[in-house]
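This report concerns only the one structure given below.
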Amino acid sequence: MRTLVIGANGLLGSVVVKTLKERGADVVGGYHSEPPEFEIPLHELDITDTERVAALVDEHDVDTVINCAAYTDVDGCETNPELAAQVNGVAPGEIAEVCTTRNIDFVHFSTDYVFAGDTDEHYAEDTDTDPVQEYGASKLAGEKSVRDADSESLILRLSFVYGARGDTKSITGFPQWVASTLSSGDEVPLFTDQCFTPSRAGHVAEATLDLLEANDSGTFHVASQSAVTPYEFGEQICELIGSDESLIAQSSMSDLNRDAARPQNSSLDVSKIEAELGRPQPTLRDDLEEIEGAFSDYML
Ligand SMILES: NC(=O)C1=CN([C@@H]2O[C@H](COP(=O)(O)OP(=O)(O)OC[C@H]3O[C@@H](n4cnc5c(N)ncnc54)[C@H](O)[C@@H]3O)[C@@H](O)[C@H]2O)C=CC1
C-alpha cells in the first residue's frame, strides 16, 4: 500500500503520516510551504494545482490519497471567501476525480461547522446542513464536489481537531495554549457557551485507516463521545497537568470580536462509526490520557 498524504505538515496530516508509517505503509507527503520532519518523499504542493496532484499520484503509483489540506482559518475564510471556495470547495472534488479515474481510494476530511449549531441534539451524518460562516459553506461545497466526483470516497467530519504532532510529538493550538498559560500561573478565559465533541488527531488517523481497510465509503463522524465546552476541556487539561483550577475563568463567545460566527453546539453523533468499527469512540479523558506525555513540559 502506498499513500499520498496531502497537507502532511498540518496537525492531522502529520499524524496520518506517522500512523501509516507505524502500520508499515509506504507514504509520500505533499506540504504547502514548510515541510514536516519526516524521512519520506516530500513534495511542495498546492491542492488547487490538480495537474500536479495527478502527476504525483502517477509518479509514485499510489493506491490511496488522503487529503488533510484545507484553509482552516475560520475568520480568514470569512474575509477571503474566494480562496476558501477554491481550496476547500473546488480542489477536493478535482482530486476526487483524479482518484476515481485511476480507481484509487480517496479520503477527505470535513467539519462539524457544516451544521448551524442551534440545537441541543448531536448531529448525525444525515442531519440537514446549514453552515453559519464561509468556512463551513466552503467545506460543505467540498463534500458535495467530492461526492459528485467519486461516490466511493470516504468523507470524515471532525470536530475541534487537536493532539500531538506526528513528527515533533509536540502539542499545538488550544491544549498547548491552555497548558502553557496555566503552568505560567496566568488566568485562562474559556467559553462556557460553545459545545463540541473534540477529535484527537491520533484517534482520527487510526479510525481512518481502519475504515479504509474495511473498504468503507460514504460519510462518517469521527469524534470523541464527550460533548464539552472549551471551559470543560480546559478543566480536564488543568487536572492532567496538576494546575490550579481557580485559574480557569468563565468567558463567552460574545467577549471576542471575530469576523466569523461559530455554531453554539456542533456536537457530532458518533453512533454510525461505532457500529461500523464495532467499538465505542473514546471519551475526552481517554483521548487526553493517550497524549499525556506531550504535556510533560507543562506538568506541575
Ligand atoms: N482544526 C480543526 O479544529 C478542525 C479541522 N477540520 C478539518 O480537518 C482537516 C485537517 O485539519 P488540521 O490538521 O486541524 O488543520 P491544519 O491547519 O493544521 O492543516 C491544514 C494544512 O493544509 C495546508 N494547506 C492550506 N492551504 C493549502 C493549499 N492551498 N494547498 C495545500 N495545502 C494547503 C496548510 O499548510 C496546513 O498544513 C481539514 O480538512 C479541516 O478542515 C475539521 C473540524 C475541525
Side-chain angles (χ1 to χ4, degrees), residues 4-19 29-38 42-50 52-53 56 65-77 80 82-92 94-95 106-115 117 123 131 133-143 146 154-168 170-177 194 196-205 207-208 219-224 230 233 260 262-263 266-268:
L4 170 63
V5 178
I6 304 177
N9 196 34
L11 171 58
L12 180 62
S14 72
V15 178
V16 169
V17 170
K18 168 183 164 274
T19 309
Y31 65 92
H32 191 232
S33 36
E34 288 285 309
E37 297 179 26
F38 289 115
L42 290 167
H43 300 272
E44 191 155 11
L45 176 67
D46 189 315
I47 58 165
T48 60
D49 184 354
T50 318
R52 174 108 173 102
V53 175
L56 282 177
V65 174
I66 303 182
N67 177 33
C68 302
Y71 184 19
T72 54
D73 175 352
V74 177
D75 294 309
C77 288
N80 210 341
E82 294 83 13
L83 182 62
Q86 210 54 40
V87 173
N88 295 341
V90 176
E94 292 182 353
I95 300 171
F106 181 57
V107 182
H108 180 65
F109 294 98
S110 189
T111 171
D112 53 344
Y113 279 21
V114 296
F115 297 114
Y123 287 99
Q133 76 298 99
E134 294 289 346
Y135 170 70
S138 68
K139 294 291 291 185
L140 183 59
E143 289 189 7
V146 168
L154 256 182
I155 298 177
L156 307 179
R157 289 196 191 123
L158 316 178
S159 171
F160 200 94
V161 177
Y162 74 101
R165 282 188 59 88
D167 50 359
T168 62
S170 55
I171 45 164
T172 58
F174 176 85
Q176 193 275 337
W177 170 67
Q194 187 187 19
F196 43 69
T197 41
S199 300
R200 182 176 62 83
H203 163 66
V204 174
T208 301
T219 305
F220 290 86
H221 290 171
V222 188
S224 161
F233 196 167
R262 265 70 172 177
S266 55
S267 301
L268 296 176

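When a ligand or atom number is given, it counts from 1 through the structure's own listing order.
- Pro36 approaches Leu42 most closely through the heavy-atom pair O-CD1, 3.7 Å.
- Residue Leu12 approaches ligand 1 through these ligand atoms, each under 4.0 Å from one of its heavy atoms: 10 (C), 13 (O).
- Counting only heavy atoms of the protein, atom 24 (N) of ligand 1 lies nearest to Ala70 O, 3.8 Å.
- Nearest non-hydrogen protein atom to atom 18 (O) of ligand 1 is Leu11 N, 3.0 Å.
- Geometrically, ligand 1 and Val161 share a nitrogen or oxygen pair separated by less than 3.5 Å.
- Listed by number with element, the atoms of ligand 1 under 4.0 angstrom from any heavy atom of Lys139 are 38 (C), 39 (O), 40 (C), 41 (O).
- For ligand 1, the atoms sitting less than 4.0 Å from at least one non-hydrogen atom of Ala69 are 22 (O), 31 (C), 32 (N), 33 (C), numbered in the order shown with element in parentheses.
- For the ligand labelled ligand 1, residue Tyr135 lies inside the 4.0 Å heavy-atom shell.
- The N/O atoms of Gly10, backbone and side chain alike, include one that comes under 3.5 Å of an N/O atom in ligand 1.
- Here Ser110 has backbone heavy atoms under 4.0 Å from ligand 1, and that is the only part of it that gets that close.
- At a heavy-atom cutoff of 4.0 Å, ligand 1 is contacted by the side chain of Thr72 but not by its backbone.
- The contact set between ligand 1 and Phe160, taken as ligand atoms under 4.0 Å from a residue heavy atom, comprises 3 (O), 44 (C).
- Atoms of ligand 1 found under 4.0 Å from any heavy atom of Cys68 (numbered from 1 in listed order, with element): 10 (C), 20 (C).
- Side chains of Val107 and Val16 form no contact here, defined as non-hydrogen atoms less than 4.5 Å apart.
- Residue contact check for ligand 1: Val87 places a non-hydrogen atom closer than 4.0 Å to it.
- Proximity to Phe109 (heavy-atom distance under 4.0 Å) selects the following atoms of ligand 1: 9 (C), 39 (O).
- A heavy-atom distance below 4.5 Å is found between the side chains of Phe109 and Val204.
- Residues Leu4 and Gly29 approach most closely at CD1-C, 4.3 Å, considering heavy atoms.
- Not one N or O on the side chain of Ser138 forms a donor-acceptor pair closer than 3.5 Å with the backbone of Asn88.
- For ligand 1, the atoms sitting less than 4.0 Å from at least one non-hydrogen atom of Leu45 are 30 (N), 31 (C), numbered in the order shown with element in parentheses.
- Ring-centre distance between Phe174 and Tyr162: not below the 6.0 Å cut-off.
- Salt bridge annotation for Arg165-Glu37: absent, with no cationic side-chain nitrogen under 4.0 angstrom from a carboxylate oxygen.
- By heavy-atom distance, the residue among Leu158, Val222, Val16 lying nearest atom 8 (O) of ligand 1 is Leu158.
- Between the side chains of Thr48 and Gln86, no donor-acceptor pair of N or O atoms lies under 3.5 Å.
- The residues Asp112 and Lys139 are annotated as not salt-bridged, no charged nitrogen and carboxylate oxygen being separated by less than 4.0 angstrom.
- Among all non-hydrogen protein atoms, the one lying nearest atom 35 (O) of ligand 1 is His32 CB, 3.4 Å.
- Taking distance alone, with nitrogen or oxygen atoms compared against 3.5 Å, Ile47 approaches ligand 1 more closely than that limit.
- Of the polar atoms of Asp46, at least one N or O is found under 3.5 Å from an N or O of ligand 1, judged by distance alone.
- Geometrically, ligand 1 and Thr111 share no nitrogen or oxygen pair separated by less than 3.5 Å.
- The backbone N or O of Gly76 lies less than 3.5 Å from a partner atom in the side chain of Tyr71, making a donor-acceptor pair.
- Listed for the Asn9 side chain is no donor-acceptor partner under 3.5 Å among the backbone atoms of Tyr31.
- Side-chain contact between Phe196 and Pro230 is present, with heavy atoms from C-beta onward closer than 4.5 Å.
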